[in-house]
Undergrad: 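Below are the structure tokens for one structure; questions will follow.
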Amino acid sequence: MRTRLTRRNFAQAAGAAVITASTPILDASAQATVPAANTGRGFPEGFLWGTATASYQIEGAVTEDGRGPSIWDVFSHTRGNTRDGATGDVADDHYHRYKSDIQLMKALGAKVYRFSVAWPRVFPSGVGTPNPKGLDFYDRLVDELLANGIDPYMTLYHWDLPQALQDRWGGWESRDTSRAFADYAGYVAAKLTDRVKHLFTLNELTVIVDLGYGSGVFAPGLKLPPEQLYQTRHNVLIGHGLGVQAIRAQAQAGTKVGIAENTAIAIPIIETPEDIAAARVAMREMNAGYLTAILEGRYTDAYLATAGANAPKFTSEDMKAISSPLDFVGINVYAPNAYVRSIDAAPGYLSIPFPASFPHMESKWLRIGPETLYWAPRHLAEIWGVKDIYITENGASAADVPADDGMVYDTDRIMYLRNYLANLQRATTEGVPVKGYFLWSLLDNFEWADGYNNRFGLYHVDYATQKRTAKLSASFYRAVMAANQVV
Ligand code: GBH
């Protein structure tokens, strides 16, 4: 049985005076209480704070203004693929509400915003003639952001592949899709980099490949045998590399290009030099099919040995394209993947299995490991010498059941965020070059196969009315940004 929380018993439980209806504790636009200057919990001056979203998760308007279908339209409309048969047909209706949603960002005091462009809006069939009305939406979005003092950070691919390319080439199973991605990326870069200065090619390569083509739990829902899966992974890397090259060729001078990757994260059990070194070895191998290949321009020996006869076919030119220099690396950081310790035997590290009691948020996969937000960027700096790092996503899912007064008292999310941010603050204090943080997410939204149940927003969305309500965590995050420190 769930106890409904009212404003009254919330206050009493906290031992505080009863909060009246006029107390603006949940109004993100109200004056946040900002702690006195740096108390040793501060972030570097100029640290960038914002929120992140993705096209299919928030936009809706899936048949409007000439948009073509994406693999997520087809996948979500196929019975049994998403929880309760949820689709992104309407989602947050952000396509029509982007102006008021930007006001929500402004009320928070966010200075940057990461969003993604829906490829099938710009090229309805993936290639060929562009659809001006599709690009026009992002044109207006960018103008509105800038007019409100928010700097746009744009992702070119957050999983909504044009269905036409799935039908025609089997999507990323073919290198034709990698080339098509580069053409699309170059086109958008040419059109928008007069105002958008930071671009990400792909979001989370591991999800595109391993969930889309391996386990089949995400679109396009395929379960390829190992040989094809390795080649598909290689094609996605090529798509990223060719995308970087196309952006550099088409974008205005000064445009910065990176990636938003979901790295597997290894945490040393004990902070001894031995365990830390073991965690670096684990981190490098755990990401061998993705970020390691991108940053080193080669597949590790262990990766190729494990693949054996199923290893991808590739040339040295491929590896050169894949490792095209980046201006920054973005990482989406949520959960620890392995706690490791040093051992003498090969491969030099031991991965400890997670105990059943390990805590997680509403999403079962979202294990609570605050130190991931310390180790992930530190590993990037120490293993590969990355000099500009962004946390392109971090956030927490919760049930977020509104209390009787309609408010959402998400102290679970605040607990999660405060502990993760304390670890990020430690990293920046020690000199790890993290430049900014994008909280996932501005709004509750279409959480892919989990549908609408696992909520990640700072703003609660009532899907029946599209009403947005600031959660308690919105006040928390507003105070963090205003003070530039953990609060
Ligand atoms: C990110 O993925 C995404 O970029 C974003 O779109 C998403 O909304 C957000 O995080 C929150 O999930 O179904 O058991 O196989 C985070 C990494 C990888 C976590 C896929 C969920 C599915 C686990 N995600 N994983 S399962």
Side-chain angles (χ1 to χ4, degrees), residues 50-59 70-72 75-76 80-83 86 88 91-92 94 113-118 153-161 200-223 229 236 258-265 286-287 289-291 330-337 354 358 360-369 372-373 376 390-400 413 416-417 420 437-459 461:
T51 60
T53 64
S55 47
Y56 189 70
Q57 294 181 271
I58 63 167
E59 286 178 1
S70 80
I71 55 173
W72 268 96
F75 183 80
S76 66
N81 282 342
T82 62
R83 189 157 157 186
D92 291 331
H94 173 76
Y113 173 55
R114 173 176 173 245
F115 65 95
S116 82
V117 175
Y153 281 60
M154 184 167 78
T155 307
L156 287 152
Y157 185 79
H158 201 124
W159 310 347
D160 40 5
L161 184 77
F200 306 95
T201 54
L202 309 179
N203 181 73
E204 299 193 350
L205 283 64
T206 176
V207 170
I208 298 169
V209 178
D210 297 298
L211 274 72
Y213 294 81
S215 67
V217 302
F218 278 13
L222 300 175
K223 294 183 179 145
L229 190 62
V236 169
I259 191 168
E261 175 59 315
N262 182 4
T263 55
I265 301 159
M286 284 158 58
N287 296 287
Y290 300 107
L291 200 60
I331 43 174
N332 298 349
V333 179
Y334 287 93
N337 296 81
F354 284 93
F358 205 97
H360 60 78
M361 297 299 295
E362 186 73 5
S363 310
K364 298 279 177 290
W365 57 268
L366 217 179
R367 293 192 174 110
I368 303 170
T372 51
L373 206 42
Y390 288 93
I391 306 303
T392 33
E393 289 180 27
N394 171 243
S397 57
D400 292 328
R413 180 174 287 104
Y416 172 105
L417 291 171
Y420 274 70
Y437 172 93
F438 297 83
L439 193 149
W440 185 273
S441 184
L442 177 69
L443 305 166
D444 292 341
N445 60 52
F446 175 74
E447 177 56 8
W448 308 110
D450 284 335
Y452 291 96
N453 293 71
N454 295 2
R455 294 171 178 267
F456 275 88
L458 291 172
Y459 286 88
V461 176

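Remember, it's 1-based here, ligands and their atoms both numbered in the order they're listed.
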Undergrad: Anything under 30° is parallel, anything over 60° is perpendicular, the rest tilted; go ahead and classify Trp448 against Trp72.
TA: tilted
Undergrad: Is the shortest side-chain N to carboxylate O distance from Arg83 to Glu447 below 4.0 Å?
TA: no
Undergrad: Verify the contact flag for atom 2 (O) of ligand 1, where contact means a protein heavy atom under 4.0 Å away.
TA: yes
Undergrad: Distance to 0.1 Å, residue and atom name: give those for the protein heavy atom nearest to atom 22 (C) of ligand 1.
TA: Leu211 CD2, 3.5 Å
Undergrad: Give the residue, atom name and distance (to 0.1 Å) of the protein heavy atom nearest atom 17 (C) of ligand 1.
TA: Asn262 ND2, 3.1 Å
Undergrad: Could you tell me which atoms of ligand 1, counted from 1 in the order shown, lie closer than 4.0 angstrom to a heavy atom of Glu447?
TA: 7 (C), 8 (O), 11 (C), 12 (O)
Undergrad: Give the residue, atom name and distance (to 0.1 Å) of the protein heavy atom nearest atom 18 (C) of ligand 1.
TA: Val207 CG2, 3.4 Å
Undergrad: Look at atom 23 (C) of ligand 1 and say which protein heavy atom is nearest, naming residue and atom and giving the distance to 0.1 Å.
TA: Trp365 CD1, 4.0 Å
Undergrad: If the test is side chain to side chain donor-acceptor pair (under 3.5 Å), which one of Asn332, Thr392, Asn262 qualifies with Asn203?
TA: Asn332
Undergrad: Which protein heavy atom lies closest to atom 13 (O) of ligand 1, and at what distance to 0.1 Å?
TA: Val217 CG2, 4.1 Å
Undergrad: Would you call His158 a ligand 1 contact, heavy-atom distance under 4.0 Å?
TA: yes
Undergrad: Any donor-acceptor pair under 3.5 Å linking the side-chain atoms of Asn287 with those of Thr263?
TA: no
Undergrad: To check your reading of the model: name the closest protein heavy atom to atom 5 (C) of ligand 1, its residue, and the distance in Å.
TA: Glu393 OE1, 3.6 Å
Undergrad: What's the shortest distance from atom 9 (C) of ligand 1 to any protein heavy atom, and which residue and atom give it?
TA: Tyr334 OH, 3.4 Å
Undergrad: Determine the interplanar angle of the Trp440 and His158 rings, folded into 0 to 90°, and report it as parallel if under 30°, tilted if 30 to 60°, perpendicular if over 60°.
TA: parallel
Undergrad: Taking distance alone, with no angle check, do Trp159 and ligand 1 share an N/O pair under 3.5 Å?
TA: no
Undergrad: Would Trp440 count as a polar contact of ligand 1, with the cut-off being nitrogen or oxygen pairs under 3.5 Å?
TA: yes
Undergrad: So, do Tyr157 and Ser116 sit near enough that their side-chain heavy atoms are less than 4.5 Å apart?
TA: no
Undergrad: Side chains of Tyr290 and Asp210: donor-acceptor distance under 3.5 Å anywhere?
TA: yes
